[in-house]
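To start, the structure itself, in structure tokens.
Here the structure is a predicted model, which means the values were calculated and not measured. Order of appearance sets the numbers: ligands from 1, and atoms from 1 within every ligand.
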Amino acid sequence: MDGKVAFVTGAARGQGRSHAVRLAEEGASIIAVDILENYDSFDYQLGTEEEMATTVAQVEALGRPIIARKVDVRDALALTAVVDEGVKEFGHLDVVCANAGICTIQAWDDVSPEVWTDTVDTILTGTWNTMVATVPHLMANGGGSIICTGSTAAIGGVPYVAPYVAAKHGVVGIARGMAIELAPHSIRVNTIHPTGVDTPLAGYCMEQVEKLTPTAKDQLSSLLSNLLPVDLVDPRDVSNAVLFLASDESRYVTGLEFKVDAGNTL
Ligand SMILES: NC(=O)c1ccc[n+]([C@@H]2O[C@H](COP(=O)([O-])OP(=O)(O)OC[C@H]3O[C@@H](n4cnc5c(N)ncnc54)[C@H](O)[C@@H]3O)[C@@H](O)[C@H]2O)c1
């Protein structure tokens, strides 16, 4: 990753922070964004200014530069402005991690219109906005690598997360179409599909599962269990897949749906 510049959304904590740090460890300069405020429709704390400061400190401790900004991926203009700022500072853009996401677990008839809209806008439109803001710079660079964060819920049906499943399947759709459209520009587009990852999002989802009926809990538990003996993988396990897809080691890999799922979807 020496000399490369990576843009990461949802970088204040969890997998986004881990991707930023992992890529920086290998030499990348980082442009990082996070919403750094909460949604009205979700009763859990999203990334904070303090958490983003920790991401900045961890990247800088590796001797790598980072530009970190408070940006909502639903805001296409703000995303474009920060990517433009980062490219002006660092000279070019090579890698894009469309990672920001939210999730809440509830039965379909408890899903409010706001939860539906916020989930789809963040995950699906946010991924699209990230592409719109970054692809012109990757083209100007003569190529690059886009890594979109999916989920096991992007591969098969999972109950009690209907808006999330819909949005994550949509992310795969964007990635498949764009992998073809951008291939002549040497821009690769791949998706990663983690099983449960040990982050605040997973902690919140576990609390939500406890509120479901016993039947619903049973139904969901069997779908969330992994074949390998691990309940939640570490964010770094996902970052190692991101690193491979970001690097020239995967230079002819595009359109891959890369599962880091401990066998879950088998
Ligand atoms: N944790 C899991 O079990 C798991 C499993 C599979 C996939 N995922 C996906 O991985 C990605 C990262 O999640 P995580 O586990 O690190 O969760 P997390 O909650 O720890 O981190 C997500 C980050 O995204 C930020 N964010 C949310 N909405 C945003 C917006 N509109 N604009 C900018 N930033 C925003 C949050 O503030 C937070 O810092 C998400 O796309 C999630 O759906 C998570």
Side-chain angles (χ1 to χ4, degrees), residues 7-22 31-42 44-55 68-76 78-79 82 97-105 117-130 133 147-156 158 161 163-172 191-209 223-224 226 230-239 241-242 257-262 264-265:
F7 176 59
V8 183
T9 69
R13 68 182 193 195
Q15 294 175 66
R17 175 193 287 166
S18 175
H19 299 344
V21 169
R22 188 74 188 92
I31 310 165
V33 298
D34 200 287
I35 188 169
L36 305 181
E37 61 186 52
N38 295 330
Y39 285 70
D40 292 337
S41 57
F42 284 75
Y44 76 109
Q45 173 79 50
L46 290 180
T48 64
E49 301 275 357
E50 293 71 29
E51 287 172 323
M52 189 59 126
T54 303
T55 299
R69 298 284 179 264
K70 172 176 160 47
V71 175
D72 184 336
V73 294
R74 294 172 297 174
D75 184 343
L79 262 188
V82 71
C97 298
N99 162 78
I102 52 175
C103 182
T104 184
I105 293 186
T117 303
D118 287 344
T119 306
V120 172
D121 284 358
T122 303
I123 292 173
L124 185 58
T125 309
T127 298
W128 177 247
N129 290 342
T130 302
I147 301 130
C148 302
T149 299
S151 162
T152 51
I155 292 174
V158 179
V161 283
Y164 187 78
V165 172
K168 288 292 188 184
H169 273 70
V171 168
V172 174
T191 50
I192 46 161
H193 300 289
T195 185
V197 188
D198 189 6
T199 69
L201 181 145
Y204 171 72
C205 287
M206 296 300 175
E207 284 170 25
Q208 296 289 103
V209 170
L223 278 165
L224 295 183
N226 299 322
V230 61
D231 289 332
L232 296 172
V233 302
D234 194 86
R236 196 172 170 91
D237 295 310
V238 186
S239 302
V242 166
E257 292 159 25
F258 190 156
K259 299 188 285 184
V260 186
D261 73 347
N264 178 291
T265 53

Partners meeting side chain to side chain contact (heavy atoms under 4.5 Å, CB included) with Thr125 (sequence neighbours left out) | Asp121, Asn129

With sequence neighbours left out, the residues meeting ring pair (Phe, Tyr, Trp, His ring centres under 6.0 Å) with Phe258 are none

In terms of side-chain heavy atoms, does Thr199 have a donor or acceptor partner in Gln15 at a distance below 3.5 Å?
-> no

Quick one: list whatever passes side chain to side chain contact (heavy atoms under 4.5 Å, CB included) with Ala133, sequence neighbours left out.
-> Leu79, Thr80, Val83

Expected contact list for ligand 1 at under 4.0 angstrom, heavy-atom basis, is Gly10, Ala12, Arg13, Gly14, Gln15, Asp34, Ile35, Tyr39, Leu46, Gly47, Val71, Asp72, Val73, Asn99, Ala100, Gly101, Ile102, Thr122, Thr149, Gly150, Ser151, Tyr164, Lys168, Pro194, Thr195, Gly196, Val197, Thr199, Pro200, Leu201, Ala202

Ser41-Asp118 side chain donor-acceptor pair, cut-off 3.5 Å | yes

Exercise: do His193 and Thr152 side chains pair donor with acceptor under 3.5 Å | no

